[in-house]
There are 2 protein chains.
Amino acid sequence: MFDNEDDSKQLSRRERERKRHREEILEAASEVFGQYGFEKTSMQMIAEKAELSVGKIYTHFKGKEAIYRELIEYIVTLVHQRCEDAVKPGMSPLETIRVKMRTAMCTFRDHTPFIRLYHEDFDIRKGRFGDVECKKPMMDISSLLKEAIESGEFSGEIDPEFHALMMEGAGHILMESISRSGTDSFDKITELLDKVFLKPFENKKQQ
Amino acid sequence: MFDNEDDSKQLSRRERERKRHREEILEAASEVFGQYGFEKTSMQMIAEKAELSVGKIYTHFKGKEAIYRELIEYIVTLVHQRCEDAVKPGMSPLETIRVKMRTAMCTFRDHTPFIRLYHEDFDIRKGRFGDVECKKPMMDISSLLKEAIESGEFSGEIDPEFHALMMEGAGHILMESISRSGTDSFDKITELLDKVFLKPFENKKQQ
DNA sequence: TCATATTATGAATGATTATTCATAATATGA
DNA sequence: TCATATTATGAATAATCATTCATAATATGA
């Protein structure tokens, strides 16, 4: 899951094993953090879930916070990347938003522990770890909305900044609430967001 | 602020002072919890903000969690009460929703530290303190939406349960994001929520 | 196989902080 | 005013972890 190197062949058995351990720690940590949140998760819990010792974790990571940061970085980059890949040339801004929305939902569906993590990160950014750098926008819906408005594809009635913000808020609460209801409920989320946030503001194809 | 007794006249000077201390602790706690969140707030911080000793707090409250719970209870009850009071007989379900929404926003505007608190409580309900009882619905938008749909006032296109959930999510993220921009921004929130969640689904007055 | 190097372990350390409680300060009222 | 009762204080206690590190276990390769 966290294997994103492509030169595995070059590595010795020991090196490969070490790499695998690192990935197992991240995997375990994502589950425990995802279930209990940052504060209530102890290194002991991560070690137990990964079936290795606490000390071992420290040969791979500087500490608890470093693991957490790496997980956030991982999910943000993954969603960002998948969204970029899903967009094909010639798509209108509004089509792009729909595709990105669907892609992001699918990614979270396959990484449910990250839902809480990502949500929690929102809090953490404002104070728990002090001020931290602004992360790269996962989908940047707000710029796309702006484009859609400029092209006349979308109603300019609502400030796109706030429109995007509301989508994020609504999307999160939906994910948190129904992610446990199975795979297909993620399709429902996409559908709901579309019905509320896009369709009503979409202008009939002009000309 | 937390003074909700009406028999103050019966109390001796000492009793009144004690009551005032209790309220000052709650006031201080709401500010500190609101700024730093539950985990990062220490009893020391609350004591300093309230300008009294740590030990004193324990003559009023069982502990940190008890204070926190009382604050949540306070804001939930307050919003609930004000929303009930704002509704006048004869209002349609949709009008009721609008009034409650505006009332809730005004209440949070006057109690900004509680925004974070209430938001955080959402997390806490699922695990930080273990499973806890379900709290009384502040506004119960979902039932009102159901009524509005039944009366033909509102489109039944979207499941009212999810519709209400999305409103809550969007409302929170807006409050968290723009509450620092001053008093009038709360009006903006109400307006935004109305434009996205109500207007587009409102049926033209039939007959 | 054995000496040496590498790695893994989890108990010890140190820091934090909720809670308690012995002591100090204050109030009461005779 | 003084003896006694009440209240306030913040240092001591206890519990919880993140992190480190001395020791044990394992791997290496001669």
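Below, read A as the first sequence line, B as the second, and so on, with proteins coming before strands; counting in each chain starts at 1. These numbers come from the heavy atoms of this one structure, side chains and all, not from hydrogens, waters or symmetry mates.
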Inset, instruction - Tell me the partner of C:dT23, counting only Watson-Crick (N1-N3 plus N6-O4 or O6-N4) or G-U wobble (N1-O2 and O6-N3) with both under 3.5 Å; none if nothing fits. - result: D:dA8
Legend entry - Partner nucleotide, any strand, of D:dT28 [Watson-Crick/G-U, under 3.5 Å]: C:dA3
Legend entry - Between P of D:dT16 and NZ of A:Lys40, the distance in whole Å: 11 Å
Inset, instruction - State the pairing partner of C:dA18; accept Watson-Crick or G-U wobble contacts with both distances under 3.5 Å, and report none otherwise. - result: D:dT13
Inset, instruction - Would you mind reporting whether A:Met105 and A:Leu193 have side-chain heavy atoms less than 4.5 Å apart? - result: yes
Legend entry - Value in whole Å for how far the C1' atom of C:dT6 lies from CD of A:Glu17: 13 Å
Legend entry - Sugar-phosphate only, base, or nothing, as touched by B:Lys56 at under 4.0 Å among non-hydrogen atoms: base
Legend entry - A:Ser53 side-chain proximity, nearest of D:dT19, D:dT9, C:dG10: C:dG10
Legend entry - Ionic contact status for B:Arg69 with B:Glu73, cut-off 4.0 Å: no
Inset, instruction - Take A:Val54 and B:Leu52, find for each the nucleotide of DNA chain D with the closest heavy atom, and name the residue whose nucleotide sits nearer the 5' end. - result: B:Leu52
Legend entry - Nearest-neighbour nucleotide for the B:Tyr58 side chain, C:dT19, D:dT20, D:dA8 considered: C:dT19
Inset, instruction - Take the protein atom CE of A:Met43 and the nucleotide atom P of D:dA18, then report the distance between them rounded to whole Å. - result: 7 Å
Legend entry - Side chain to side chain, B:Leu145 and B:Phe162, heavy atoms closer than 4.5 Å: no
Inset, instruction - Could you check A:Gly55 against A:Ser42 and say which one's nearest nucleotide on DNA chain D is further toward the 5' end? - result: A:Ser42
Legend entry - A:Glu24 with A:Lys56: basic N within carboxylate O range, under 4.0 Å: no
Inset, instruction - Write down the distance between CZ (B:Arg22) and P (D:dT7), rounded to a whole number of angstrom. - result: 16 Å
Legend entry - Per B:His21 side chain, nearest of listed nucleotides D:dA8, C:dT19, D:dT9: D:dA8
